[in-house]
Amino acid sequence: MAKLALAATSGKSCKILLGLRLLAFSATLSAAIVMGLNKETETFVVGKVGNTPIKATFTAKFDHTPAFVFFVVANAMVSFHNLLMIALQIFGGEMEFTGFRLLSVAILDMLNVTLISAAANAAAFMAEVGKNGNKHARWDKICDRFATYCDHGAGALIAAFAGVILMLIISAASISRLVQPNKCCSTTASPSVVP
C-alpha cells in the first residue's frame with residue numbers, strides 16, 4: 001500500500017497525470033466540437049402531383065435533440081475543468097496539494113466522470129434511436145437518410161467515451177493521491193509510512 005501511495009504522488013506520475021489530462025481535454029473538446037458542428041441538409045421527394053415531384057428540404061442538427069445539446073455542454077464543461085487542472089499543474093509552481101485542495105480536485109474529477117458518462121450515454125441512446133428507430137413508438141430511423149450526420153455523431157461518441165475512460169483513470173489517480181498528499185510535480189517524492 002505504501003508503494004502505491006508513493007507511486008501516486010511521485011513526479012513521474014504527475015507527468016503521467018498531466019498527459020492523461022491533456023488526452024482527456026483533447027477527447028472531450030473534440031467530442032463537443034464535432035457534435036456542436038454536426039449538421040446535414042438533404043432534399044427529398046415527398047410526393048408527386050401528376051408527373052411533377054414535390055421536394056422538401058430537411059435539416060438534421062445536433063440542437064434538435066436535447067440529449068445532444070446536453071452532450072455538447074457536458075463535454076465542454078469537462079474540457080474546461082481539465083484545462084483549469086492542466087493550467088494549475090503547469091503554472092501553479094510548487095503549490096501544495098494537500099487537505100481541502102486535494103480533496104476538491106478528487107471530488108471535481110468524480111463529478112466530471114459522472115457528468116460526461118451521463119451525457120455520453122444519453123447521446124448514445126439517441127444515436128441508437130436514430131440508427132434503428134423504434135417501431136413501438138413509431139419513430140423512424142434517420143441514419144439511412146442523413147448518413148454524414150450519423151457518422152459525425154458516431155465519431156463524437158467515440159471521442160466522448162474515450163474521455164469517460166480517461167476521466168475514470170484520472171479520478172482514480174486523484175483519489176489515490178488522497179492517501180499521501182505532496183507537492184505535485186516535485187522531482188522527488190518523500191516516502192512516508194501509510195497506515
Side-chain angles (χ1 to χ4, degrees), residues 5 7-39 61-63 65-127 149 151-189:
T9 58
S10 69
K12 183 179 178 182
S13 73
C14 285
K15 290 178 183 174
I16 291 171
L17 184 62
L18 178 64
L20 288 171
R21 283 202 188 276
L22 284 169
L23 287 173
F25 171 74
S26 299
T28 54
L29 184 65
S30 63
I33 290 172
V34 169
M35 186 64 84
L37 297 176
N38 198 6
K39 176 182 175 182
K61 291 173 58 176
F62 87 97
D63 60 354
T65 306
F68 292 158
V69 174
F70 173 51
F71 178 86
V72 170
V73 171
N75 275 286
M77 289 174 64
V78 173
S79 295
F80 182 69
H81 165 76
N82 278 314
L83 184 64
L84 285 178
M85 293 296 110
I86 290 166
L88 272 176
Q89 196 165 347
I90 292 174
F91 303 114
E94 294 294 321
M95 186 181 349
E96 288 280 340
F97 278 98
T98 58
F100 182 71
R101 286 184 185 162
L102 196 58
L103 181 63
S104 298
V105 169
I107 289 172
L108 286 172
D109 284 341
M110 286 188 289
L111 288 173
N112 280 299
V113 168
T114 305
L115 180 66
I116 191 172
S117 177
N121 283 301
F125 168 76
M126 291 309 297
Y149 175 79
D151 290 344
H152 289 175
L157 281 171
I158 290 168
F161 278 111
V164 169
I165 292 168
L166 289 166
M167 285 304 298
L168 276 170
I169 295 168
I170 290 167
S171 182
S174 294
I175 292 168
S176 69
R177 286 178 56 203
L178 290 171
V179 176
Q180 183 183 6
N182 76 332
K183 293 180 182 180
C184 190
C185 292
S186 62
T187 55
T188 60

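- Two residues are said to be in side-chain contact when any heavy atoms from C-beta on lie closer than 4.5 Å; Thr28 and His81 fail this criterion.
- What you find for Ser171 and Val113 is that their closest heavy atoms are CB-CG2, 3.9 Å.
- If you take CE on Met110 and CE on Met167, they are separated by 11.0 Å, rounding to the nearest 0.5 Å.
- The backbone N or O of Asn38 sits nowhere less than 3.5 Å from a side-chain atom of Tyr149 that would complete a donor-acceptor pair.
- Remark: His152 NE2 to Leu37 CG distance equals 10.0 Å, nearest 0.5 Å.
- One distance of note links CG of Leu20 with CG of Asn82; it measures 10.0 Å at 0.5 Å rounding.
- Here the closest heavy-atom approach between residue Leu157 and residue Ala124 is recorded as CD2-N, 3.7 Å.
- Scanning all heavy atoms of the two residues, the minimum distance from Ile116 to Val164 falls at CG2-CG2, 3.8 Å.
- With rounding to the nearest 0.5 angstrom, the OG atom of Ser79 is 11.0 Å from the CG atom of Leu84.
- To the nearest 0.5 Å, atoms CG (Leu102) and CG (Leu178) are separated by 4.5 Å.
- Taking every heavy atom of both residues into account, Ala122 and Phe70 meet most closely at CB-CD2, 4.5 Å.
- Between the side chain of Ser176 and the backbone N or O of Ala173 there is at least one donor-acceptor pair closer than 3.5 Å.
- Shown here is Phe80, whose CZ atom has no more than 12 heavy atoms of other residues, nucleotides or ligands within 6.0 Å.
- The closest donor-acceptor contact from the side chain of Thr65 to the backbone of Phe62 lies at 3.5 Å or more, if one exists at all.
- Using a 4.5 Å heavy-atom threshold, the side chains of Met77 and Leu115 count as touching.
- The two residues Ala119 and Phe71 come nearest to each other via the heavy atoms O-CD1, 3.6 Å.
- Residues Phe91 and Ile86 have side chains not in contact (no heavy-atom distance under 4.5 Å, counting atoms from C-beta outward).
- Closest heavy-atom contact between Ala31 and Ala160: CB-N, 3.8 Å.
- Here the side chains of Leu17 and Met85 are not in contact, with every heavy-atom distance at 4.5 Å or above.
- Without hydrogens or angle criteria, Ser174 side chain to Ile170 main chain gives a donor-acceptor distance under 3.5 Å.
- With rounding to the nearest 0.5 Å, the separation of CG in Asn112 from CG in Leu168 is 11.5 Å.
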